Amino acid sequence: MDLLLDIGTWILLLAACIFLLITGLGMLRLPDLYTRIHAGGMADTLATFLVCLGLALQSGLTLTTIKLLFIVAFVFFTSPTSTYALAQASFVAGLKPKLDGFNKTAQNKEEDDGKVPD
Amino acid sequence: MRIVGLILVLLAVWLLLSGIYTPLIIGFGIASCILVALIVRRMDVLDHEGLPIQLGLGIIPYWGWLFIEIFKANIDVAKCILFPKKYLQPSLFSCKITQKSDLGKVIYANSITLTPGTVTVDLHEDTVLVHALTKLAADGVKSGDMDQRVTDVMGEA
Amino acid sequence: MSIFAVTAIAILVSVAMALGRAILGPTSYDRILAVNAIGTKTVLLIAVLGFMNGRPDFLDLALVYSLMNFIGTLAVLKYFKFGTLRGGLSRSRRGEN
């Protein structure tokens, strides 16, 4: 039983490692701010969940598991708010997203250029 | 009514985080929970947005569904980062939303942002401006599935 | 080598990549994004290190750090947007002047 839990922890934490490394890679190689935000969001969601689940398998049903659950809940509630604040602030500041590789029809272009908030 | 709920929630969080159960410490915990509740009442921040107990348990299946969406979106974004030439197709578009209350709008906008691959850039009266990383993520928001589910959870037609 | 050490190293490499973005970042917002990402990874690092040393009490620090990271990002963004930390954004708008 212990061995099974250890194997589960290995698998979950290794998956989290892979996602974290992909996140770091995305931070470096994606072209502009808005695309990098997506890469950061990956570490905030699935990587956090996988790490906490992997650690929870080690601690069993104790108060430690509850604390891990609280960490996941806090990160899941706060991270979209700060991401939204960041994206909105940079959009209001006039930073235009690069839309490379996106086939701009006339209608899409209108949508992209039109909505500048006050 | 809502203040009793707040005290119960605070007490539950306190008991779960403390881990030391002697009468003196628990007494301190109860006293601090009541003190916080009194301060909150004086600050007048306790309303249907501060402690949304009116949502009930209907939000839990939504969280489950949202988690599966997050899982799928993570795989999508990971593919996009590893092979940007093939999958990277950023787009910025605005979408109508059907929620009436501010709380519903915030839940929807935060759900969009929490799903990697889509980020809410701006939230106006009843339109939401979304930046999407891939075509798949953009189609997911445009289909309005999540919008419909949030509206159902909020109990607004 | 335990899995916790492997995870800690992976988190540190990821933090180094985010730090690279903070150094390279053409705009200030890139740097704020990098700082926010580093904060989230620090939460994970604290949790993993606590388990590695057999002291799960570290999780309390991780909890507090996750909340501080949120407040810190919002404070920096507010300072960037309004140029000051004075005045509230609360519903009543009493603090605005």
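All values reported here derive from a predicted model rather than from experimental measurement. In what follows, chains are A, B, ... by sequence order, proteins preceding strands, each numbered from 1.
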(Q) Counting only non-hydrogen atoms closer than 4.5 Å, does V13(B) touch chain A with its backbone (N, CA, C, O), its side chain (CB onward), both, or neither? (A) both
(Q) Report which part of L16(B) has an atom under 4.5 Å of a heavy atom belonging to chain A: side chain, backbone, both, or neither. (A) both
Between [options], who has the most heavy-atom pairs with chain A when the cutoff is under 4.5 Å?
options	value
N110(B), T113(B), I70(B)	N110(B)
L114(B), T118(B), I112(B)	L114(B)
L17(B), T120(B), V106(B), N74(B)	N74(B)

Return the minimal non-hydrogen interatomic distance between [X] and [Y], and the atom names on each side.
X	Y	answer
Q88(A)	V121(B)	CG-O, 3.0 Å
H38(A)	A132(B)	NE2-C, 4.0 Å
G41(A)	P116(B)	O-CG, 4.2 Å
I81(B)	L25(A)	CG2-C, 4.3 Å

**Q.** Aromatic ring proximity, centroids under 6.0 angstrom, F71(B) and F49(A)
**A.** no
Q. For T35(A), is it the side chain, the backbone, both, or neither that has a heavy atom closer than 4.5 Å to a heavy atom of chain B?
A. both
(Q) Is L30(A) in contact with chain B via its backbone, its side chain, both, or neither, using a 4.5 Å heavy-atom distance? (A) side chain
Q. Would you say Y84(A) and L123(B) make side-chain contact, with heavy atoms under 4.5 Å?
A. yes
Q | Within-4.5 Å side-chain heavy-atom neighbours: P31(A) and L88(B) | A | yes
Q | Residue selection (most heavy-atom pairs with chain B, distance under 4.5 Å) from T83(A), T45(A), D44(A) | A | T45(A)
**Q.** Pairwise distance CG(D32(A)) to NE2(H131(B)) - rounded to 0.5 angstrom
**A.** 6.0 Å
Q: Measure the spacing between CE of M42(A) and CG of L133(B) and express it to the nearest 0.5 Å.
A: 10.0 Å
Going by atom type alone, with no hydrogens or angles, which donor-acceptor pairs under 3.5 Å involve a side-chain atom of residues 65-76 of chain A and a protein atom two or more places apart or on another chain?
from   : atom 1 : to     : atom 2 : distance (Å)
T65(A) : OG1    : S59(A) : OG     : 3.0
T65(A) : OG1    : G60(A) : O      : 2.3
K67(A) : NZ     : D60(C) : OD1    : 3.3

Q. Within a reach of under 6.0 Å around OH of Y21(B), are more than 12 heavy atoms found that belong to other residues, nucleotides or ligands?
A. yes
